[in-house]
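Atoms within each ligand, like the ligands themselves, are counted from 1 in listed order. Every value quoted in this text rests on a predicted model; they were computed, and no experiment measured them.
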Amino acid sequence: MSNYQLGSEYAKQQDQNDALASYRNRFHIPKDKHGKEVIYMTGNSLGLQPRATKDYISQELEDWANLGVTGHTHAKHPWLHYHEFLTENMAKVVGAKPIEVVVMNTLTANLHLMMVSFYKPTPKRYKILIEADAFPSDKYAVESQLRHHGFDPKDGLVLWKARKGEELANYDDLETILEAQGNEIALVMIGGVNYYTGQFFDFKRITQLGHKYGCMVGFDCAHGAGNVKLDLHDSGADFAVWCTYKYLNSGPGSLGGCFVHERHAHNIDLNRFAGWWSHNKETRFKMRDEFDQLPGAEGWQLSNPPILSMAAIRASLDMFAEVGMEKLTKKSKHLTGYFEFLINELNNKSIKIITPSNLEERGCQLSIQVKNADKKLHHQLTEAGLISDWREPDVIRCAPVPLYNSYQDVYELVEKLEEILT
Ligand SMILES: Cc1ncc(COP(=O)(O)O)c(C=O)c1O
Ligand SMILES: Nc1ccccc1C(=O)C[C@H](N)C(=O)O
C-alpha cells in the first residue's frame with residue numbers, strides 16, 4: 001500500500017479516477033452552520049440518506065392515500081409481499097441464499113428470536129460465549145437470556161478477551177476457551193465486525209471451531225452488512241442478525257435483517273416463536289386454527305411489517321444491487337488504506353490505530369486511540385466540521401464509507417485531526 005502519496009493533489013486525483021465517485025451525489029450530505037458540507041465519518045452509526053429514499057416512501061404514502069386497505073394487494077408494490085422485494089438484494093449483500101434471509105423487526109429483537117431457537121440450554125451445556133468488548137446491548141441481550149433460563153450470567157457468560165496489553169481478540173485464545181469449556185457452551189455469539197476495534201472476524205473459522213465442540217454459532221453483523229463482504233451461507237453459521245440504519249442507509253431505527261442457515265429451513269423443532277406472518281402465505285387469510293410454518297428465515301416473522309421503513313430499505317438495496325459488494329469493498333479497502341497511510345505519516349506518538357492493518361480483517365472503520373484524550377477532543381473535531389464518534393474510554397471511530405465518502409474527505413479529516421492534536 002506504499003503507492004499512496006501525501007498532499008491534496010493525490011486525493012483530488014483519486015477522486016477523479018474513482019468509478020464510484022458519482023454515488024456521492026445520490027446522497028444528502030449534511031452541512032455545518034456555515035453551510036459547508038461536513039466530513040461525515042459516522043456511516044457506522046447512522047448511514048446518510050439516499051436522495052431516492054423520499055420517492056420510494058412517497059410512493060407508499062400515495063398508494064395508502066389513494067387505495068387505503070386495498071393497497072395490501074393493489075399498491076404498486078403490494079404490501080402483503082413487500083418484504084419479498086428486499087430479500088434477493090439483501091441476500092446478495094450478506095452472501096446468503098434468499099431462503100436464508102428476511103428483513104423484519106429490529107436487531108436486538110431478532111437476536112432474541114434467534115436465541116429462542118438456537119440457545120437451548122441444558123443443565124450441562126448452558127453457557128454463552130461472546131467477545132469481551134462486544135456492543136453492550138448484545139451483552140445485555142445474552143445475559144438476559146441466561147437469566148431467563150435460570151442461569152447466573154457471572155457463571156454462564158464466557159468472555160473471549162484480548163490479551164493483556166492488546167486490543168484484538170486472538171483465535172488461539174478462542175480455541176483454548178473451547179477446549180476447556182466447549183462442552184458447557186451452548187452458543188457462540190460474536191459481533192462479526194467489532195463495533196469498537198473494527199476487527200472483522202473470520203466467520204468460517206469461528207463457526208467451524210464452535211461446531212467442533214457442539215455449540216450453535218451466531219453473528220451480529222450490525223457493523224458488517226453493507227461494509228464488508230460477508231459469506232454467511234458458506235461460513236456455515238447457524239444464524240446472523242444485523243441492522244439497516246448503518247452501512248445500509250435506511251434511516252434511524254429502521255428494520256433489521258436476519259439469516260438462518262438453509263440447513264435449518266425445514267426444521268420445525270426449533271421452537272420458533274410464531275405469528276401470522278410465519279404462517280403459510282397461501283392460507284394466511286383463511287384464518288384457520290392450525291398453524292402451518294413457512295420454511296426458511298421467513299418462518300421467524302411475527303407481524304406484518306412497517307412498509308414505510310421497508311420502502312427506505314428498498315431504495316438503499318436497489319443502489320447496492322447496482323454497485324455490488326465487490327466494487328464497493330474494493331474501493332473501501334483502498335480508501336481506508338489511504339486513511340491509514342495518512343495517519344501513520346503523522347507520526348504522532350499520542351495516537352494509535354487499534355483496528356487490524358490486515359485488509360481482510362477490517363472493513364472501512366478505523367478506530368484511533370488517543371492517549372490521555374477525553375470527550376473534549378471529540379467536541380473540537382465536531383466544531384471543525386468533522387463528524388466522527390467517540391467511544392469510551394479513549395477511541396475516535398471514523399468510517400469512510402465508499403458509497404459517499406471521497407478521498408478529499410479523508411485528506412481533510414487527517415488534516416483537521418493533526419491540527420487539533422498539535
Ligand atoms: C453491534 C451492535 N449490536 C446491537 C446494536 C443495537 O441494535 P438495535 O438498537 O437496532 O437493536 C448496535 C447498534 O446500535 C450494534 O452496533
Ligand atoms: N442506533 C443508534 C441510536 C443512537 C445512538 C447510536 C446508535 C448506534 O447505532 C450506535 C452504534 N451501534 C455504535 O456502534 O456505536
Asks: Does a side chain donor of either His77 or Gln59 reach within less than 3.5 Å of an acceptor in the other side chain?
Replies: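 Short answer, no.
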
Asks: Angle between ring planes, Phe118 versus Phe239, binned at 30° and 60°: parallel, tilted or perpendicular?
Replies: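 The arrangement is parallel - the two ring planes meet at less than 30°.
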
Asks: Can you find a side-chain donor-acceptor pair between Glu62 and Trp64 that sits under 3.5 Å?
Replies: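 Their side chains do not contain a donor-acceptor pair, so the 3.5 Å distance test is not met.
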
Asks: Is at least one protein non-hydrogen atom found at under 4.0 angstrom from atom 3 (C) of ligand 2?
Replies: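 So far as the 4.0 Å threshold goes, atom 3 (C) of ligand 2 is out of reach of every protein heavy atom.
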
Asks: Before giving the answer on ring pair (Phe, Tyr, Trp, His ring centres under 6.0 Å), spell out for Phe219 and Phe201 the whole-Å C-alpha distance, their side-chain angles and the decisive distance to 0.1 Å.
Replies: CA-CA 10 Å; Phe219 292 93; Phe201 289 106; 8.2 Å; no

Asks: Examine Tyr171 together with Trp160 and report whether their ring centres are nearer than 6.0 Å.
Replies: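 Judged by ring-centre distance (under 6.0 Å), Tyr171 and Trp160 do meet the cut-off.
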
Asks: So which heavy atom in the protein is nearest atom 13 (C) of ligand 2, and how far is it from that ligand atom?
Replies: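 Protein heavy atom with the smallest distance to atom 13 (C) of ligand 2: Arg397 NH2, 3.3 Å.
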
Asks: Compare all side-chain heavy atoms of Ile128 with those of Glu143 and state whether any distance is below 4.5 angstrom.
Replies: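 Ile128 does not reach Glu143 side chain to side chain.
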
Asks: Quick one about Tyr195 and Arg397 (side-chain donor to acceptor, distance below 3.5 Å, no hydrogens or angles considered), yes or no?
Replies: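 Tyr195 and Arg397 do not have a side-chain donor-acceptor pair below 3.5 Å.
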
Asks: Regarding ligand 1, does Tyr195 bring an N or O atom to under 3.5 Å of one of the ligand's N or O atoms?
Replies: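 No, no N or O pair falls under 3.5 Å.
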
Asks: Any nitrogen or oxygen of Ser137 lying under 3.5 Å from a nitrogen or oxygen in ligand 1? Just yes or no.
Replies: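 Between Ser137 and ligand 1, no N or O pair is found under 3.5 Å apart.
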
Asks: Give the minimum heavy-atom separation between Leu255 and Ser309, together with the two atoms involved.
Replies: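 Distance-wise, the nearest heavy atoms are N-OG, 3.5 Å.
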
Asks: Return the residue, atom name and 0.1 Å-rounded distance of the protein heavy atom closest to atom 1 (N) of ligand 2.
Replies: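 Going by distance alone, atom 1 (N) of ligand 2 is nearest to Tyr245 CE1, 3.5 Å.
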
Asks: Can you confirm if the aromatic rings of Tyr4 and His334 lie within a centre distance of less than 6.0 Å?
Replies: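 Ring-ring flag for His334/Tyr4: true, centres closer than 6.0 Å.
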
Asks: What protein heavy atom sits nearest atom 2 (C) of ligand 1, and how far away is it?
Replies: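 Looking only at protein heavy atoms, the one closest to atom 2 (C) of ligand 1 is Asp220 OD2, 3.3 Å.
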
Asks: As an exercise, identify every atom of ligand 2 less than 4.0 angstrom from a heavy atom of His223.
Replies: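 Listed by number with element: 13 (C), 14 (O).
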
Asks: Considering only non-hydrogen protein atoms, determine which one is nearest to atom 15 (O) of ligand 2 and report residue, atom name and distance to 0.1 Å.
Replies: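 Result: Arg391 NH2, 2.6 Å.
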
Asks: From atom 11 (C) of ligand 2, is the closest protein heavy-atom distance below 4.0 Å?
Replies: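 It does; a protein heavy atom is within 4.0 Å.
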
Asks: Of all the atoms in ligand 1, which lie at a distance below 4.0 Å from a heavy atom belonging to Lys246?
Replies: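 By the 4.0 Å cutoff, the relevant atoms are 13 (C), 14 (O), 16 (O).
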
Asks: Pick one of side chain, backbone, both or neither for how Asp138 approaches ligand 1, counting any non-hydrogen atom pair under 4.0 Å.
Replies: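 The side chain, only.
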
Asks: Which ligand 1 atoms are under 4.0 Å away from a heavy-atom of Ala222?
Replies: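 By the 4.0 Å cutoff, the relevant atoms are 1 (C), 2 (C), 15 (C), 16 (O).
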
Asks: Among all protein heavy atoms, pick the one closest to atom 6 (C) of ligand 2 and tell me residue, atom and distance.
Replies: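 Sorting protein heavy atoms by distance from atom 6 (C) of ligand 2 puts Ser45 OG, 3.9 Å first.
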
Asks: Among protein heavy atoms, which lies nearest atom 15 (C) of ligand 1, and at what distance?
Replies: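 Of the protein heavy atoms, Phe135 CD2, 3.5 Å lies nearest.
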
Asks: Looking at atom 16 (O) of ligand 1, what's its closest protein heavy atom, distance included?
Replies: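 Closest protein heavy atom to atom 16 (O) of ligand 1: His223 NE2, 2.9 Å.
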
Asks: What is the nearest protein non-hydrogen atom to atom 8 (P) of ligand 1, stated with its residue, atom name and distance?
Replies: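 Result for atom 8 (P) of ligand 1: Tyr245 OH, 3.3 Å.
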
Asks: Judged by modelled atom types alone, do Asp15 and Gln408 share a side-chain donor-acceptor pair under 3.5 Å?
Replies: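 The criterion, which ignores hydrogens and geometry beyond distance, is not satisfied for Gln408 and Asp15.
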
Asks: List every atom of ligand 2 that sits less than 4.0 Å from any heavy atom of Tyr195, numbering the atoms from 1 in the order shown and giving each element.
Replies: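 Heavy-atom distances to Tyr195 below 4.0 Å select 14 (O).
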
Asks: Do Phe285 and Trp276 make the cut of ring centroids closer than 6.0 angstrom?
Replies: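 Ring centroids of Phe285 and Trp276 are less than 6.0 Å from each other.
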
Asks: Salt bridge or not between Arg284 and Asp292? Use side-chain N to carboxylate O under 4.0 Å.
Replies: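 Salt bridge flag = no for Asp292 with Arg284.
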
Asks: Name the closest protein heavy atom to atom 9 (O) of ligand 2, giving the residue it belongs to and the distance to 0.1 Å.
Replies: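 For this ligand atom, the closest protein heavy atom is Lys246 NZ, 3.0 Å.
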
Asks: List ligand 1 atoms under 4.0 Å from Thr108, heavy atoms only on the residue side.
Replies: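 The list of qualifying atoms is 6 (C), 7 (O), 8 (P), 11 (O).
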
